[in-house]
Number of protein chains: 2
Amino acid sequence: MKITSKGRYAVLAMVDIAKFGEDTPCNLSHVSVRQNISLSYLEQIFNDLKRANLVKSQKGPGGGYKLNKESNEIRILDIFNAIDEQIKTTGCGNDPKSSCSGTGKKCLTHNFWENLEGVIGNYLNSVYLSDLTEEYSISGERRAISE
Amino acid sequence: MKITSKGRYAVLAMVDIAKFGEDTPCNLSHVSVRQNISLSYLEQIFNDLKRANLVKSQKGPGGGYKLNKESNEIRILDIFNAIDEQIKTTGCGNDPKSSCSGTGKKCLTHNFWENLEGVIGNYLNSVYLSDLTEEYSISGERRAISE
DNA sequence: TAATAACCTACTAATTTAGTCAACTATTTA
DNA sequence: TAAATAGTTGACTAAATTAGTAGGTTATTA
């Protein structure tokens, strides 16, 4: 039960863009340094993010990336979807070897895994990028971070 | 964001044991066939489950595994812990390369990932093995499955 | 004592992850 | 208009993890 680095980086980089890219576009070299993420890897990630219309780009000197929507309009789940970070716990349906698929009847645990996916998905859908940039700790009720 | 096969198999096999091992112990060959899981792999998994005192074993002919507690006393989180299926989303703290560790200050997304871990952990802690054997679909309020 | 089934360890093939590398294209500024 | 900047794209690869397999040992029972 882990998030891939790609997923972690994507969210982190989006927070970075949201914080530092308000006036001028953020170029990825800066994000790379600030967040300690490989530049080439960031390029791949932003490729996906752009395709999902979460960011817009500006080429040439002084260019870079900006958010394409307000940060309170971007859900963390949107970011996950953009980079194809799937929430997949069942294992059913994809491979013919699985005990669930093929047979036509659900495996004993099918509903449970689906519910777990729902719990995770609901949470990711309820948190917005702005929640992270505002440095709130989201946990039911929201409390400010003392930092 | 995936569960490993080991995790899926462990939960599935525990449900199997709970269902079929009430009177006589379940031997793993049968579980293997019923749930379509490799026998050797099951052996490894039950090694862990036994070490965590979730099951007890009986060697020799007619032997096998039984639950070591009532199924309404075993939480899914217990099973995850037994087989070391970690809920780890931060990526901070473990490797020195991560943007969070070393520097002494939390990365921008640290609290978010911790909250996500909390959401998942709470859910897994709230569901019992008996919830699965009774074929309930757990989702906030519980509804019976029409099957 | 033969069969059964748990127990244990080492090994490996396949897959996924986390990148690297190299080239190309568009834009801006000097 | 040339040079520099920065995004765009695709192919490749090393490392790590996963998902097993294989082969034996030990304990128990009929």
Colleague: Would you tabulate the pairs of protein nitrogen or oxygen atoms and nucleotide nitrogen or oxygen atoms of nucleotides 27-29 of chain C closer than 3.5 angstrom?
Modeller:
| residue | atom | partner | partner atom | Å |
| --- | --- | --- | --- | --- |
| dT28(C) | OP1 | Gln58(A) | NE2 | 3.0 |

Colleague: Among residues two or more places apart or on two chains, list those pairs meeting side-chain hydrogen bond (donor to acceptor under 3.5 Å, both in side chains) that have a residue in residues 51-64 of chain A.
Modeller: Asn47(A)-Arg51(A), Lys50(A)-Ser57(A)

Colleague: Under 4.0 Å, counting only non-hydrogen atoms across every strand here, what does Ser5(B) touch: a base, just sugar-phosphate, or nothing?
Modeller: sugar-phosphate

Colleague: Please list, chain by chain and in numerical order, all residues satisfying side chain to side chain contact (heavy atoms under 4.5 Å, CB included) with Asn125(A), sequence neighbours excluded.
Modeller: Arg75(A), Leu77(A)

Colleague: Below 4.0 angstrom from OP1 or OP2 of dT21(D), is there any side-chain N or O of Ser38(B)?
Modeller: yes

Colleague: Return the set of residues passing side chain to side chain contact (heavy atoms under 4.5 Å, CB included) with Gln44(B) (not counting sequence neighbours), or none when no residue passes.
Modeller: Tyr41(B)

Colleague: Take the protein atom CG of Leu28(A) and the nucleotide atom C1' of dT9(D), then report the distance between them rounded to whole Å.
Modeller: 14 Å

Colleague: So which of residues 45-53 of chain A are in contact with DNA chain D, with a heavy-atom cut-off of under 4.0 Å?
Modeller: Asn47(A), Lys50(A)

Colleague: Have a look at Ser40(A) and say if it touches a base, only the backbone sugar-phosphate, or nothing, with a 4.0 Å heavy-atom cut-off.
Modeller: base

Colleague: Please name all residues satisfying side chain to side chain contact (heavy atoms under 4.5 Å, CB included) with Asn122(A), sequence neighbours left out, ordered by chain then number.
Modeller: none

Colleague: Under the rule for side chain to side chain donor-acceptor pair (under 3.5 Å), what residues qualify as partners of Ser32(B), not counting sequence neighbours?
Modeller: none

Colleague: Which side-chain hydrogen bond (donor to acceptor under 3.5 Å, both in side chains) pairs, counting each pair once, include a residue from residues 63-74 of chain A, with sequence neighbours left out?
Modeller: none

Colleague: Test of understanding: with side chain to side chain contact (heavy atoms under 4.5 Å, CB included), list the residues that count as partners of Glu22(A), not counting sequence neighbours.
Modeller: none

